[in-house]
Amino acid sequence: MEWINDLLWKDSVAHVALIYSFVIAIGVALGKLKVYKISLGTTFVLFVGIVAGHFGFTVNHDVLDFVRDFGLILFVFSIGLQVGPGFFSSLKNEGLVLNLLATSIVLLGSVLAVVLHYVTKVPMSMMVGILSGAVTNTPGLGAAQQTLNQFAAIHGGEAPNIGLGYAVAYPFGVLGIILTMFIIRWVAKVDLHKESKAVDSLTKSDSTVPEQASILVSNSDIFGMKIKDLKKNFKNDAIVSRVLHEGKIFIPTFRSTLKEGDVITIVAQKGDIPSLIRLIGKPSELDLVSYSDKLIIKQVCVTNRHVAGRTLGSLKLRLRFGIGITRVHRAGMDFIASQNMMVQMGDKLTVIGEEKEVENVSKYLGNSVKRLNEPNLSAIFIGILVGVVFGSIPIAIPGIPVPIKFGLAGGPLIIAILIGRYGYKFSLNSYTTLSANLMLRELGLVLFLSSVGIKAGEKFVSTLVSGDGFIWMGYGAIITLVPILLVGLFGKLVLKRNYHELCGVLSGSTTDPPALGFASSQTSTEAPALGYATVYPWTMFLRIIIAQLLILFFL
């Protein structure tokens with residue numbers, strides 16, 4: 001049985017594979033267990049790793065460091081690709097208010113960490129670990145640990161393992177956010193049914209939702225007017241998709257003219273329909289969609305990488321193919337197909353035209369779901385390469401003992417966001433299906449967490465027995481509760497934000513999927529998920545950068 005002993009304890013490739021496979025498999029399985037509809041998810045891998053490390057199932061530290069850092073790169077790069085296309089748009093309009101609330105939570109938590117550092121004399125390195133655990137932010141932990149490793153490599157010595165602070169603060173980080181939701185609900189006397197109904201009514205009456213209307217041209221002011229001139233009177237984007245003239249239906253161009261008695265089908269924002277009817281004439285009961293005999297409607301998926309990144313206007317699809325584009329379906333939402341709208345891989349365009357022309361434009365746009373399923377490994381690893389190089393560039397700032405580096409967390413994250421948004425300009429097709437992105441992200445996460453857990457397990461029990469671990473739990477609870485409680489109450493009582501939306505923002509500001517799951521269980525609406533998705537990209541970026549800055553400023 002010598003081979004079993006070698007497999008369990010001897011330093012070898014088989015031993016490393018065994019330990020990691022065991023920790024990850026058991027951790028993922030236990031993470032799915034729910035207590036009162038709450039589970040720790042993939043993060044349970046960290047705690048199984050701690051147990052394995054405590055009982056002596058360790059891995060060569062050089063190998064462990066490589067697996068940890070490479071897992072971190074895969075994790076943050078996948079996040080960057082996912083949030084990149086919508087990163088900058090999430091900071092505009094209504095999203096700006098929600099992101100300001102999330103930013104306040106991030107900054108308040110960071111200030112509390114600094115105050116506790118001075119008051120309690122806990123080293124800032126460990127306090128950042130506690131902060132990362134208190135807000136359940138694994139990438140922040142990885143960025144801080146990477147910065148400590150860089151500092152230790154320059155000045156000698158061994159970097160402290162701040163995974164200990166993360167591990168003790170994490171459980172209450174999950175429970176504390178949920179507890180805060182209950183407190184806000186009690187203080188603000190929230191009626192869940194009423195809040196859900198308010199979301200439903202807002203959704204149904206959303207003036208920006210695309211809607212279709214048939215209008216009889218009866219306003220003499222626009223008789224003989226070209227559609228391109230008519231569009232100058234539109235407040236927002238609107239598409240004239242069909243025209244019925246003397247019994248015949250055709251797809252209009254910008255040069256088409258409107259005549260008395262014509263019936264047009266127009267696609268516009270719901271709130272703009274009444275004003276457009278007044279401008280053009282009066283409502284018509286004719287449904288040109290069912291009235292059409294030669295025109296068909298088809299959703300076409302964009303899979304041609306040469307099309308992605310260009311505006312609909314620059315593609316000149318109406319002129320080249322004689323078809324109309326009325327809507328763009330993206331990430332579960334419909335948008336009006338304005339000329340200035342930039343097309344992205346995976347977009348679904350609603351095309352109207354004769355069957356032959358619709359098929360021609362389908363071939364041009366790609367419309368190959370199989371192509372979307374093919375992994376773009378070249379773009380991914382080029383991005384990782386550039387991200388690692390970018391993260392290694394030292395940036396000297398007066399007053400800081402060592403130059404700032406974005407590191408293996410910040411560098412790949414920033415490059416991934418930029419590739420997700422602008423990669424098409426450099427022929428980098430970064431599109432990955434949601435399932436492929438999730439697989440890559442979760443693989444990186446479990447490799448990182450298992451590595452942190454195995455290494456932290458060597459000293460975890462002794463840290464708890466000494467009393468420091470329980471004290472750190474208390475510090476983590478303060479960092480968890482105070483910021484989200486203050487900002488949450490401000491958002492509800494002062495700004496009068498919807499409770500379900502606010503719960504999503506609180507979950508997103510702490511990048512906490514279990515909390516989002518609980519928030520979603522309180523309502524049948526998508527408000528929590530939308531709030532979470534709006535603030536998640538900016539919050540993730542901010543927490544990774546701030547974790548590094550706290551280490552560098554207070555070393």
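Worth saying up front: this structure is predicted, and the values here are computed from it rather than measured.
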*With the side chain counted from C-beta on, respond yes when Ile415 and Ile419 share a heavy-atom pair under 4.5 Å apart, and no when they do not.*
yes

*In sequence, state the C-alpha distance, the side-chain angles, and the governing distance for Val122 and His117, and then conclude on side chain to side chain contact (heavy atoms under 4.5 Å, CB included).*
CA-CA 5 Å; Val122 173; His117 159 67; 5.7 Å; no

*Which distance, rounded to the nearest 0.5 Å, do you find between the CG of Asn304 and the CG of Leu315?*
9.5 Å

*Answer whether the closest heavy-atom distance between the side chains of Ile24 and Val48 falls below 4.5 Å.*
no

*Any chance you could measure Leu108, atom CG, to Ser509, atom OG, to the nearest 0.5 Å?*
10.5 Å

*Between atom CD1 of Ile393 and atom CZ of Phe390, what is the distance when rounded to the nearest 0.5 Å?*
6.0 Å

*Are any side-chain N or O atoms of Arg497 and backbone N or O atoms of Phe490, one a donor and one an acceptor, separated by less than 3.5 Å?*
no

*Of the non-hydrogen atoms in Gly488 and Leu506, which two are nearest, and what is the gap between them?*
CA-CD2, 4.2 Å

*Measure the CD1-CZ distance between Ile73 and Phe381 for me, rounded to the nearest 0.5 Å.*
10.0 Å

*Partners of Ser314 by side-chain hydrogen bond (donor to acceptor under 3.5 Å, both in side chains), sequence neighbours excluded?*
Thr311

*Is there a side-chain contact between Leu443 and Met439 (heavy atoms, below 4.5 Å)?*
no

_In the structure I gave you, are the side-chain heavy atoms of Ile325 and Thr350 within less than 4.5 Å of one another anywhere?_
no

*asked:* Can you list everything that forms a side chain to side chain contact (heavy atoms under 4.5 Å, CB included) with Thr103? Sequence neighbours excluded, please.
replied: Leu107, Trp538, Leu542

*side chain to side chain contact (heavy atoms under 4.5 Å, CB included) partners for Leu481, two or more places apart*: Phe172, Leu179, Thr180

*Residues which pass side chain to side chain contact (heavy atoms under 4.5 Å, CB included) with Ala52, listed by chain and number, not counting sequence neighbours*: Val23, Phe57

*Where do Gln299 and Lys348 come nearest, in terms of heavy atoms and distance?*
OE1-CD, 3.8 Å

*Taking only residues two or more places apart in sequence, or in another chain, which ones meet Tyr20 in a side-chain hydrogen bond (donor to acceptor under 3.5 Å, both in side chains)?*
Ser451

_Least distance between heavy atoms, Leu502 atom then Gly491 atom_ = CD2-C, 4.0 Å

*Is any side-chain heavy atom of Ile384 closer than 4.5 Å to a side-chain heavy atom of Pro412?*
no

*asked:* Between Leu440 and Phe77, does the side chain to side chain contact (heavy atoms under 4.5 Å, CB included) criterion hold? Intermediate values first, please.
replied: CA-CA 9 Å; Leu440 193 64; Phe77 192 83; 5.6 Å; no

*Specify the closest pair of heavy atoms between Ser104 and Val487, including all atoms of both residues, with the distance to one decimal.*
CB-CG2, 4.0 Å

*Mind running side chain to side chain contact (heavy atoms under 4.5 Å, CB included) on Met473 and Ile130 for me, showing each step along the way?*
CA-CA 8 Å; Met473 286 183 188; Ile130 296 170; over 6 Å; no

*Mind checking what makes side chain to side chain contact (heavy atoms under 4.5 Å, CB included) contact with Val300, not counting sequence neighbours?*
Lys298, Val351, Ser362, Leu365, Asn367

_Reported CG-to-CG distance for the pair Leu112 and Leu131, which is rounded to 0.5 angstrom_ = 9.5 Å

*With a 4.5 Å heavy-atom cut-off, do Ile50 and Ile454 have their side chains touching?*
no

_Nearest heavy atoms of Ala102 and Thr539, plus distance in Å_ = CB-OG1, 3.6 Å

*Say you draw a straight line from CD1 of Ile177 to CG of Leu485; how long is it, rounded to the nearest 0.5 Å?*
12.5 Å

_When you measure from the side chain of Asp347 to the backbone of Val302, do you find a donor-acceptor pair of N or O atoms at a distance under 3.5 Å?_
no

*So do the side chains of Leu101 and Leu495 get within less than 4.5 Å of each other, counting heavy atoms only?*
yes

*asked:* Is it the case that over 12 heavy atoms from other parts of the model lie below 6.0 angstrom from the CZ atom of Phe22?
replied: no

*Grab the two heavy atoms, one from Ser507 and one from Met181, that are nearest each other, plus how far apart they are.*
OG-CE, 3.3 Å

